[in-house]
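A short write-up of the structure that comes next.
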2 protein chains.
Amino acid sequence: MKSVTVYDIAKEANVSVATVSRVLNNTAPVKASTRERIQSLINKYQFQPNALARSLIKKVTGMIGIILPDITNPFFPEVLAGLEQEARKQGYTFFLCDTGSSNLDIKEQYKRETQYLNILMEKQVDGIIMIGGRIDLHKCSKEMAKEVAEINKRVPLVFINGNLPGAKFHRVVIDEEAGGRMVTEHLIGLGHRDIAFIGGYSQMSNTVERLQGFRMAMERAGLPVREEWIDHGGFSVQRGKNMMGRLLEMDTVPTAVVCANDLVGIGAIKAAVKSGLQVPRDVSITGVDGVPLAASVIPELTTMSLRCLELGRAAASVLHGLISKSGDVQTLTILQPELVIRESTSVPMQKEA
Amino acid sequence: MKSVTVYDIAKEANVSVATVSRVLNNTAPVKASTRERIQSLINKYQFQPNALARSLIKKVTGMIGIILPDITNPFFPEVLAGLEQEARKQGYTFFLCDTGSSNLDIKEQYKRETQYLNILMEKQVDGIIMIGGRIDLHKCSKEMAKEVAEINKRVPLVFINGNLPGAKFHRVVIDEEAGGRMVTEHLIGLGHRDIAFIGGYSQMSNTVERLQGFRMAMERAGLPVREEWIDHGGFSVQRGKNMMGRLLEMDTVPTAVVCANDLVGIGAIKAAVKSGLQVPRDVSITGVDGVPLAASVIPELTTMSLRCLELGRAAASVLHGLISKSGDVQTLTILQPELVIRESTSVPMQKEA
DNA sequence: TTGAAAGCGCTAACAT
DNA sequence: ATGTTAGCGCTTTCAA
């Protein structure tokens, strides 16, 4: 299984390795006849230069690492697709590091992030993108933040939708608060006054911010926020079902429910339907994320599009800027979410009596 | 930005690089005091050995490449998760190569497969996993097949759910035909006689096989297959909608529809509901894949689970066997799909008249 | 227990 | 236009 090297090619072509390298990289003129001779040998042996050796000397690998919590959550593949689209143009290849939050206790997840961060460093990636995990924590521990800050000094790093204290990171984020606010305003505009907010985790900044937006919209409209209608308990369909179920058992129920993400929104719809309610006739429900899935349910979910693809593309482009030191890279890129009105929201039913 | 190397550590510790390497790899006894001295330097500088240099000499990279057509299709992340779970145990890292079929013409996609195949070879991955793309073709061109066969000679390669002529590849597959058969039998068992099959592509082997299973079940039950009720036109929700819409405009409509995958199934449900039908009361609908999404729609989709996670895990384990030459690797691993009965199927309505 | 030295496969001066 | 040679950062004989 001896693989062929530039030396083999050089010998058979009666040239030096330097010349072979030259035709490989087009880095200096080579006589046409020589070049052809070499090229045909390359084809003959299907020679592929060893990227390890090349990178070792060039100090560039063309690899970027992406660390995310759960590839199974449709939000991430969507972002990933955007990342890929942009990064491929620049010739990068991806290391996918899934810390597998879905079936892990949280500490284990952060440990994996650390592991992957180290592995990526060792593999000499040109840059790293982080999304989810510890950077989504509303209050991240000093040590965990420090680890990342340390990495940030050594290699280009960009966050998607998150942040960490103790250093200025390059970030591409969606305006979460605006998202929470806009979707709530949509509901208020429809005539709703009794609105709940469910889903997410109170220790995560996206949840905090979306809720913040929700409160702001309510306040501006002069509507009271009923704290018993605010429930954090996760981001999955199942959790959404549970939370909505709980809501529906209360003495007074809201006419509209803002869900922290699309999955919860879908769960909420399922719970509502199961309770014999019609959506949106009896209760309006909204999500946040804008994953394709949200358009696949019945009724189609009104949601805030977090513009996943663009998020991914923007992050890739910022990272590329950092890697290629093109000077003009923004530290903070903020994208505005977009309200997508579909079928799960409508005017509230007339209050009886 | 000079990164520290074994030489730096060695010098400061007054030892040779060989000794540093020894403590790094635990490859030979080192005096405790020396080891400590070195270790503390490693910590002090947060030294991380350069994996490129290491791999260059060891000829093992711990990297495996996975080539897939569209990370955005929920089937693939699911498989990927299984792959990760298993491969991580073995210490592998992933190159994700998305050929991005979703927004590409088909030739472009195959070109990307070729590109990625080459890149992966250059990066010296320890192994490659292919899923989707050309290996799903019912009849793949000689040249495209040859390319892959060539790769197969040089590096461990395993296919998930696919095959190619001209060589014996290591494969982990689901029994597609059984899937088509079982889901159809379920419908027949319920009392359906007028059953359609929609979705997929006639040039793809998974579609051909699922349809084959469908026909077999029908035949065994002595039921006629109406060719006008067989429609291939894709794997997406939108396509499912279209195909179902067409079906519903026919003079006679089926009482049950077998869809080639879950996405099409969901589209079919949407089209049916839009036409004022109730699922499953008026028409039963089934999918194939068993992605979580299928349990999120209303009504929840009856489907054949392709056991994505296990598929991924099995593939990873076969690949690991190949890489570590543990001798006992099966060339062909067949998994049986599993019928998951949910809410989208029921006994047919009584024929009027 | 430790060191010296020879590479792994490639690129990049520096010569010619 | 082409060859020589010195590394890139590490592991691994072979000696000591």
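Reminder, nothing fancy here: chain letters follow the sequence lines and each chain counts from 1. Please read all numbers here as calculations on a predicted model, not as lab measurements. Because only heavy atoms are used, hydrogens play no part in the values below, and waters and symmetry mates are left out as well, while side chains stay in.
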TODO: Check whether any side-chain N or O of A/T5 sits under 4.0 Å from OP1 or OP2 of C/dG9, and answer yes or no.
DONE: no
Task: Of the listed nucleotides D/dT11, C/dA12, C/dC10, the one nearest the side chain of A/T27 - done: C/dA12
Task: Atom-pair distance (CZ on A/R37; P on D/dA1), nearest Å - done: 14 Å
Open item on the list: What is the separation between atom CD1 on A/I57 and atom P on C/dG9, rounded to the nearest whole Å?
Closed with: 15 Å
- [ ] From the options C/dG9, D/dC10, C/dA12, select the nucleotide whose nearest atom is closest to the side chain of B/F47.
- [x] D/dC10
Task: Check: A/M63 main-chain N/O paired with A/T61 side-chain donor or acceptor under 3.5 Å - done: yes
TODO: Over all heavy atoms of both residues, which pair between A/P49 and A/R54 is shortest? Give the atoms and the distance, please.
DONE: CG-NH2, 3.1 Å
Open item on the list: From C-beta outward on B/V17, which listed nucleotide comes closest to its side chain: D/dT11, C/dA12, D/dC10?
Closed with: D/dT11
Open item on the list: Rounding to an integer number of Å, can you tell me how far B/N25 CG sits from C/dT1 C1'?
Closed with: 17 Å
TODO: Would you kindly give the CG-to-C1' distance between A/L56 and D/dT11, to the nearest whole Å?
DONE: 13 Å
Task: Protein-nucleotide distance (B/N50, atom CG; D/dG7, atom P), rounded to Å - done: 18 Å
Open item on the list: Students often get this wrong, so: under 4.0 angstrom with heavy atoms, is B/V15 touching a base, only sugar-phosphate, or nothing?
Closed with: sugar-phosphate
Task: Rounded distance in Å - CE (B/M121) to P (C/dG9) - done: 14 Å
Open item on the list: With nearest nucleotide decided by heavy atoms, which residue, B/N14 or B/K59, maps closer to the 5′ end of DNA chain C?
Closed with: B/N14
TODO: May I ask you to check whether B/F95 and A/F95 place their ring centers less than 6.0 Å from one another?
DONE: yes
Open item on the list: Rounded to whole Å, please give me the gap between OH in B/Y7 and P in D/dT11.
Closed with: 11 Å
Open item on the list: Quick check on D/dG3: is either OP1 or OP2 less than 4.0 Å from any side-chain nitrogen or oxygen of A/T19?
Closed with: yes
Task: From D/dT12, C/dT2, C/dT11, nucleotide with atom closest to B/S21 side chain - done: D/dT12
- [ ] Quick one: do A/M130 and A/I160 satisfy side-chain contact (heavy atoms from CB on, under 4.5 Å)? Show the steps, please.
- [x] CA-CA 6 Å; A/M130 293 184 77; A/I160 296 180; over 6 Å; no
Open item on the list: Go nucleotide by nucleotide along DNA chain D from the 5' end; which of A/T34 and B/V4 gets its closest nucleotide reached first?
Closed with: A/T34
TODO: Over 60° means perpendicular and under 30° means parallel, so classify the ring planes of A/Y92 and A/H320, tilted if in between.
DONE: perpendicular
TODO: Specify the separation, in whole Å, of atom CZ of B/R54 and atom C1' of C/dC10.
DONE: 20 Å
